[in-house]
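Fair warning: this is a prediction, and the values are worked out from it, not measured in the lab. Chain letters run A, B, ... following the sequence lines, proteins first, then strands; residues in each count from 1.
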Amino acid sequence: MKIDDHPTSASQPWLRMNRWVFRTLQVNSIRTRLLIILVFVVVLTAFVISGTSALVSYWDRQQYVLNQLEAVAVAKETEIRTWTDNLQTDLRALLSQQDVILRVRSQLKFFVSDVSRLQRDLEEDLMNMVNVTGRFEEIFLMNREGKVIASSNLEQKGKIFSQEPFFQEGLKGPYIQPATYYPALDRTSIIVVAPVFDQDGKTVLGVMAGRANLNYLNQIMIERTGLGDTGEAYLVGLNRALLTESRFPGYQPLKTYIRTDGTNKSLTERLNDEGLYPDYRGVQVVGVYRWLPQLQVALLAEQDQAEAFNPIYTALIRDIGIALGVVILFVTIGLFMTRNITDPLIDLAGIANRIAAGNLGLVVNIPRNDEIGELAHAFNSMTAQLRSLIENLEERIQERTQALEAGALISRQITTILDIDELLSQVVNNLQTTFNYYHVHIYLIDEATGELVMREGSGEAGRKLKAQGHKLPRGRGIVGTVAERAEPFLARDVNQIPNFIRNPHLSRTQAELAVPLRKGKIILGVLDIQSEELGDFSEQELTLMQSIADQIAVALDNARLFQNLQAAATEAEELTRRITRETWQEIGSKAETTGYTFTKQGLIPATNDWLPAMDRAVSQKSLVQYADENGNGATEAAASVAIPLILRGEVIGVIGIERPVDRTWSEDEMMTIEAITEQVALALDAARLARETERAAWRDQVVSESTAKVWSSAELEEVMRAAVAQLGDKLQASEVVIRLGTETQLTQS
Amino acid sequence: MMNTRFPQYLLIGLLLISSLLGGCATIQAREPDKVTVQLSWFHSVEFAGFYAAQAQGFYDAENLEVTLLPGAPEIIPHQEIAEGKVDFGVTGGDSLLIARSQGKDIKAVATIFRRSPIVLMSLAESGIKTPQDFVGKRVGIFSPAFDNANDVQLLAMLRRLNIDESQVEMVVIEEYGLGSLTSGAMDVYSGFSTEEPSRTDLENVQLNLIYPQDYGVQMYANVIATRSQLIEENPELVERFIRATVKGYQYALANAEEMAELAVKYDSNLNLEYQRASMLAEVAMIDTGDVPIGTMDEVVWQDTQQILLDQKFISTPIDLSTIYTNEFVEKVQ
């Protein structure tokens with residue numbers, strides 16, 4: 001994970017940036033990502049197209065404006081050159097006029113007088129030239145000393161310009177003095193000069209000069225054709241002073257110094273060039289500048305960039321507008337597109353969440369033929385499979401629970417029912433009904449024959465087979481095989497089992513499950529289950545049935561043990577009773593006194609006393625009340641009660657109690673009688689045991705002594721006497737009779 | 001990782017910046033060269049370029065600490081320069097030539113006014129329009145010995161025009177200003193075009209002006225001079241000083257309206273309005289438009305020398321190349 005978080009490879013900066021962008025924008029959804037990518041692509045495209053277009057049109061426009069300015073500048077330069085050429089031509093023309101040159105030469109060579117006719121004619125010639133051409137303010141003639149000997153402006157006559165460059169240069173040849181300030185005139189002028197030669201054409205006699213007005217230059221420069229609203233053309237002298245008028249207020253010629261890229265390059269480097277730079281106002285301009293060597297000035301044609309590039313800005317705004325429109329359009333389309341893609345996915349995710357929450361019945365409905373449709377289809381079939389799997393699982397759990405419950409019920413029955421027949425009957429019937437089997441039956445191995453005897457079967461078929469005493473030899477059929485091999489057997493299709501024997505009573509059997517009833521290594525029998533359904537019975541069922549079979553086996557074994565135990569107990573009891581009976585028979589027949597009667601007269605041995613109720617008490621082995629003949633109901637008339645003395649189930653005597661008729665027996669009295677009777681029986685037995693012990697000892701000593709003597713011993717009699725006396729006393733009976741003897745003896749008497 | 005590294009970058013950045021600052025500090029730490037300038041007269045806009053160079057920091061940019069010493073009647077600038085009391089000074093071209101002829105070490109490196117401001121004024125109603133009209137008129141002079149620049153040029157002009165000096169009545173000027181004309185003390189008053197004529201509007205007079213230069217007489221009124229020894233020993237210092245001063249004058253020309261107030265800062269006794277008018281008049285004298293400002297013309301020096309020879313101020317011609325040089329002015333444009 002650490003490696004993923006901090007990719008060390010520098011070859012994936014794009015991915016890193018991508019991730020950074022997505023993380024920064026907290027982009028989590030596919031939709032937002034798709035949208036961002038779309039917007040990015042569209043914006044990039046729009047940016048590239050409009051950017052390129054803007055750049056190209058900017059460049060084109062710049063070239064166009066520069067070309068236009070260049071054309072204007074060239075036109076103006078040409079105009080200026082024509083003007084300066086004209087100035088020089090005018091001077092030449094003046095000097096080429098035969099009469100003028102004659103006057104000039106003669107005045108230069110032989111200056112006669114200021115007021116001579118020649119002088120006047122010459123001055124007229126100069127004035128005419130000024131008036132005819134209109135290009136000069138003044139035309140004047142200087143002699144070799146620089147002194148003005150004639151001028152169209154009479155006031156200038158007599159001045160000496162020997163120091164002035166135009167004179168110095170004029171002696172050498174035609175020359176144009178750049179715009180220069182002259183204090184006397186208080187103005188800046190351009191002076192064109194030409195030497196005046198003598199007839200030999202070599203000797204310089206003087207200099208003819210024309211002072212030109214800068215106004216004409218102004219007019220040339222003010223003409224703004226092709227310069228737009230903000231454009232201007234102007235001249236700047238070497239000193240950087242503006243020579244012509246500015247179209248902007250506050251900038252006067254000769255007082256405004258202009259040091260811009262344009263003037264610097266044209267005036268110092270003397271170049272013709274173009275560029276973008278701030279002008280003297282500080283406003284960004286597109287400018288073309290030319291160096292005019294004749295006049296030693298720079299000609300600048302400039303236009304504000306704001307105006308020059310305005311069409312570009314307009315186009316750019318239009319382009320941006322279009323680009324924005326396209327972006328908005330594409331974003332809108334993108335929104336729909338991404339929605340079209342992501343909405344089904346969002347639905348799918350929502351439904352998946354609800355399915356995850358347990359709502360398995362949901363189905364995605366996306367009727368599309370694309371990948372998303374396929375996904376939805378696959379999703380639906382996955383959900384369906386999941387649903388069926390879960391339902392199947394629940395069913396199986398239910399089945400399993402049912403089986404376990406049935407198994408538990410049967411187990412409970414097995415442990416609670418002791419009777420083997422009832423147990424087996426219950427088991428087969430319960431198995432059959434609970435699991436809805438076709439038939440269930442149990443075979444037990446007959447220990448004598450080794451055959452498999454059908455002990456219990458469910459339903460009608462079971463009853464019939466049991467009645468027939470259906471049996472199978474070991475090793476035959478499925479049941480026989482299971483008994484033989486002591487292994488369970490499962491046949492999901494009995495028709496494919498070679499040794500299957502179809503029972504005529506069970507014709508619909510299709511599948512059969514048989515498990516051995518085992519007790520250790522001993523096979524007790526077989527639990528056999530049959531089904532009408534082909535392929536029925538699972539491994540789990542087999543396990544369950546084997547478990548039930550094991551429990552049955554245990555129960556069978558328990559039942560057998562119990563039966564044995566019970567038989568032994570019965571035998572022991574029978575023996576005890578027989579001994580008691582025989583003992584007391586012997587006492588009854590051999591004792592001297594076998595009864596006593598308690599009457600008001602006293603206690604006497606009773607050999608013949610008998611109360612009628614005593615018969616019944618002996619035969620019934622329970623307390624009997626006897627009703628007098630004169631009595632109406634049993635209770636009211638009851639006068640006597642008889643109760644047998646019972647020891648270990650055997651009657652050893654009987655007690656009868658008689659009372660006067662007017663007395664009834666209460667419940668308490670009855671219970672007292674019963675309690676006393678029990679004690680009497682026990683006391684009698686204890687007395688007998690004591691006598692027997694005595695007798696045994698005696699027999700050892702005196703072998704010949706008769707037993708009769710022994711039985712005449714006093715202990716029994718004492719008990720009898722005490723009993724009747726007590727009863728008679730306590731119950732205020734008129735007569736109490738006790739008689740000893742077995743049932744047989746007593747009933748015979 | 002970036003976060004832990006950030007302080008290191010910061011540290012390196014700080015070290016770089018501090019080392020750069022340290023480097024600057026060492027450059028800054030170089031002591032500026034002290035330069036003293038002896039002006040030719042009291043403070044006025046005539047020296048606007050020096051003021052502008054100080055105010056605009058042009059001297060600072062050249063690492064110069066410039067002290068401007070105002071002139072006075074008793075101070076002779078060329079002496080101060082030649083004796084090495086100051087590094088530079090402003091003096092007249094004629095004075096310089098005379099001093100040079102006396103063997104003093106002095107050389108002009110630039111001129112302030114390219115045109116001589118000397119002008120001869122007369123009231124418009126006097127009808128005096130040309131020097132020829134001086135005949136029979138009273139013309140003001142400063143000294144009977146004609147050893148003042150104005151007087152020298154007046155005399156030179158009259159001689160150039162072959163006007164008989166004896167026919168002109170020379171009157172010593174006792175009252176400076178146009179009062180000498182309006183009072184009737186004289187018909188022609190000699191002065192500077194940058195002074196009285198610039199104030200005609202203010203004083204409500206109309207003048208006729210006669211410039212000696214229009215008659216072939218011209219001398220430089222105020223050249224910037226130094227010792228040729230300094231030029232040889234430390235041409236770089238001269239160049240720096242001239243560069244800053246020329247820039248100062250360029251600034252003064254382009255911003256002429258500001259200069260009067262600046263000049264008043266140097267001398268509070270100056271009349272602001274007069275200074276303003278003077279400055280506007282000076283612009284065209286300083287910048288004639290045909291060549292860079294400060295440039296001196298050989299022909300002017302030649303004429304000056306010739307005049308001085310004619311008037312016997314000097315006896316023999318001097319090699320003009322020892323008088324002046326344009327090399328610094330040309331370098332600094």
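One distance of note links OG of A/S162 with CD of B/Q218; it measures 9.5 Å at 0.5 Å rounding. The distance from atom CG of B/D287 to atom OG1 of A/T188, rounded to the nearest 0.5 Å, is 9.0 Å. The OH atom of B/Y211 sits 10.0 Å away from atom CG of A/L185, with the distance rounded to the nearest 0.5 Å. Here the straight-line distance linking atom CZ of B/R115 with atom OH of A/Y182 works out to 6.0 Å at 0.5 Å rounding.
In this structure, no portion of B/L209 lies under 4.5 Å from any heavy atom of chain A. Proximity to chain A involves both the backbone and the side chain of B/Q213, based on heavy atoms less than 4.5 angstrom apart. With a 4.5 angstrom heavy-atom cutoff, A/A184 touches chain B via backbone and side-chain atoms both. With a 4.5 Å cut-off on non-hydrogen atoms, A/T256 does not touch chain B at all. Both the backbone and the side chain of B/Y215 come within contact range of chain A, with heavy atoms under 4.5 Å apart. Neither the backbone nor the side chain of B/I210 comes within less than 4.5 Å of any heavy atom of chain A. Within the 4.5 angstrom heavy-atom criterion, no atom of A/Q156 approaches chain B. In this structure, chain B has a heavy atom under 4.5 Å from the side chain of A/Q177, while its backbone stays farther away. There is no contact between A/R240 and chain B, counting heavy-atom distances below 4.5 Å. For B/V217, the part lying under 4.5 angstrom from a heavy atom of chain A is the backbone only.
Open room surrounds NZ on A/K255; 12 or fewer heavy atoms of other groups in view lie less than 6.0 Å from it. For A/K109, the NZ atom is densely surrounded, since the number of other residues' heavy atoms within 6.0 Å is greater than 12. Annotation: B/Q206, atom CD; neighbour count of heavy atoms from other residues, nucleotides and ligands within 6.0 Å does not exceed 12. Other residues, nucleotides and ligands contribute over 12 non-hydrogen atoms within 6.0 Å of the CZ atom of B/R159. Counting heavy atoms of neighbouring residues, nucleotides and ligands inside a 6.0 Å radius, atom CZ of A/R281 exceeds 12 of them. More than 12 heavy atoms of other residues, nucleotides or ligands shown are found within 6.0 angstrom of CG on B/D164.
B/D290 and A/P165 make their closest contact through OD2-CG, 4.3 Å (heavy atoms, listed as atom of the first residue, atom of the second, distance). Shown here for A/I160 and B/L161, the closest heavy-atom pair between the two residues is CD1-CD2, 3.7 Å.
For the pair A/Q163 (side chain) and B/G216 (backbone), a donor-acceptor distance under 3.5 Å is present.
Considering only heavy atoms from C-beta on, A/F161 comes within 4.5 Å of B/D214 through its side chain.
Residue with the most contacts toward chain A among B/L253, B/L280, B/V300: B/L253 (heavy-atom pairs, distance under 4.5 Å). Between chain B and the options A/P178, A/A241, A/A179, A/G237, heavy-atom pairs under 4.5 Å are most frequent for A/A179. In terms of heavy-atom pairs under 4.5 Å with chain B, the best-connected choice from A/V148, A/N239, A/L254 is A/N239.
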Would you please test B/Q250 and A/R259 for side chain to side chain contact (heavy atoms under 4.5 Å, CB included) and show each step?
CA-CA 10 Å; B/Q250 284 174 343; A/R259 291 186 165 83; 3.1 Å; yes

